[in-house]
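What follows is one structure encoded as C-alpha cells, with my remarks underneath.
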Amino acid sequence: MSAAPFEPGERVLLLDQRGRRYLVRLEPGQVWHFHGGVVPHDLILGAEEGTVVHSATGAALVCVRPRLADFVLKMPRGAQVVYPKDLAAILMYADVHPGARVLEAGTGSGALTLALARAAGPEGAVVSYEMREEFAEKAARNVEAFFGKVPDWVSLRQGELSEVAATGERFDRVILDMPEPQGVLDTVQAVLRTGGLLCGFLPTTGQVQALVLALQRRGFQQVETFEVLVRSWHVTERSVRPDHRMVGHTGFLTVGRAGPGDRNFGRSA
C-alpha cells in the first residue's frame, strides 16, 4: 500500500473512538453517513494516512488504508469467505512465495485469490477457476476493488478445473476450496509439478477423510491436516484475560506434497 495521500476511487478504513471499523470508497463530492453523523469524502481526499477527521456532529474518525484482513471481512460476498486466520495458514503451509505459479479452485468471493495474488506477486501467476457465474463476477469486482484492477499475473476463469489440463500450464502450488477436491486429483496430478504442494480447505471431518485417503493412495507425501483457532485477549492495567468470544472452527486445512509419480512410493511393503 502506498504512503501517498488518499486518492479518488481508493478505499479508506475509518476507525471510530470505540474501535469500530468502516470501509468507504472515496469519491469527490460525496458524503458518508453513519450513526455519528455525516463525513464529506473531500475531508479525506488528499489527506495523509493517519489523519483524524470529524463528522458534522464532532465524532472523530482515524483514516487509514485497510489491511487485506480488513478488506476481506468487509468486502461484498456471495460465497462464504476464507477468514484471515486461514488465509495466513494457507500461505505459510502451502509455501506460496513470490514467483510461485498457483492454481486455485473455486474462486468464491475472491478472498483467497487476493491473498494468493499478493504472495505470488508479479513474478508469479495465479489462475483461479469458479464454476458459478455470479460468484465469478463478484470475485472479479472484489479483486478489482482491492488492487484497482485485476493484476496482470492473475487469471480469473469461469468453468471447470478440468479445463486447465488442456492449456499446457504447470503449477508449483494448487489450492482447492471446493466440496469434493478428491474428485479433481487426476487434473491436479496432470498440472502440479513433482514436489509441488496441494492445500485443501474443507469444513467437515468426512470431507477431510475422503481427501486425505485419496492423497495417500496417489502417493502424496507429508500429508497433514489441522485447523486454526484464534482467541483474542483483553489487556488493561488492572487485568489480562482472554476475551469471552473467539474465532473457533471455520475449516480444516490439509496439505500434501506431490510425489515422484509412483503411487506406491512411500508405502511399506
So with a 6.0 Å cut-off around [atom1] of [X], is the heavy-atom count from everything else above 12?
X      : atom1 : answer
Glu180 : CD    : no
His249 : NE2   : yes
Tyr93  : OH    : no

Heavy-atom side-chain contact between [X] and [Y] under 4.5 Å:
X      : Y      : answer
Leu103 : Leu161 : yes
Arg218 : Gln189 : yes
Ile175 : Phe201 : no
Trp32  : Val12  : no
Tyr83  : Leu73  : yes
Val154 : Ser128 : no
Val52  : Cys63  : no
Val143 : Pro151 : yes

Side-chain donor or acceptor of [X] paired with backbone N/O of [Y] under 3.5 Å:
X      : Y      : value
Thr107 : Ala139 : no
Trp153 : Ala117 : yes
Arg101 : Asp172 : no
Lys74  : Arg21  : yes
Lys85  : Val230 : no
Asn142 : Arg77  : no
Glu130 : Arg132 : yes
Thr187 : Ala165 : no
Thr236 : Ser239 : yes
Arg173 : Asp95  : yes

Between [X] and [Y], which heavy-atom pair has the shortest distance, and what is it?
X      : Y      : answer
Thr204 : Phe252 : C-CE1, 3.9 Å
Ala59  : Gly36  : CB-O, 3.6 Å
Ala111 : Val72  : CB-CG1, 3.8 Å
Phe220 : Gly256 : CD2-C, 4.0 Å
Arg11  : Pro66  : O-CD, 3.4 Å
Arg25  : Glu27  : NH1-OE2, 3.2 Å

Glu133: which residues meet the side-chain contact (heavy atoms from CB on, under 4.5 Å) condition with it, sequence neighbours left out?
Glu137, Gln158
Would you kindly say whether His41 and Gln30 are connected by a side-chain donor-acceptor distance under 3.5 Å?
no
Only one of Val126, Val81, Val102, Leu87 clears side-chain contact (heavy atoms from CB on, under 4.5 Å) with Leu112; which?
Leu87
Do [X] and [Y] sit in one hydrophobic cluster, given that two such residues count as connected whenever their side-chain heavy atoms are within less than 4.5 Å of each other, even indirectly?
X      : Y      : answer
Leu68  : Leu91  : yes
Leu213 : Leu215 : no
Phe146 : Leu14  : no
Leu176 : Val191 : yes

Side-chain heavy atoms under 4.5 Å apart, restricted to Ile/Leu/Val/Met/Phe/Trp/Tyr: what other residues fall into the cluster of Val38, or is it alone?
Val31
Pairs meeting criterion salt bridge (charged side-chain N to carboxylate O under 4.0 Å, His left out) with involvement of residues 237-254, two or more places apart
none
Lys/Arg cation over aromatic Phe6: Arg65, 6.0 Å, 45° cone:
yes
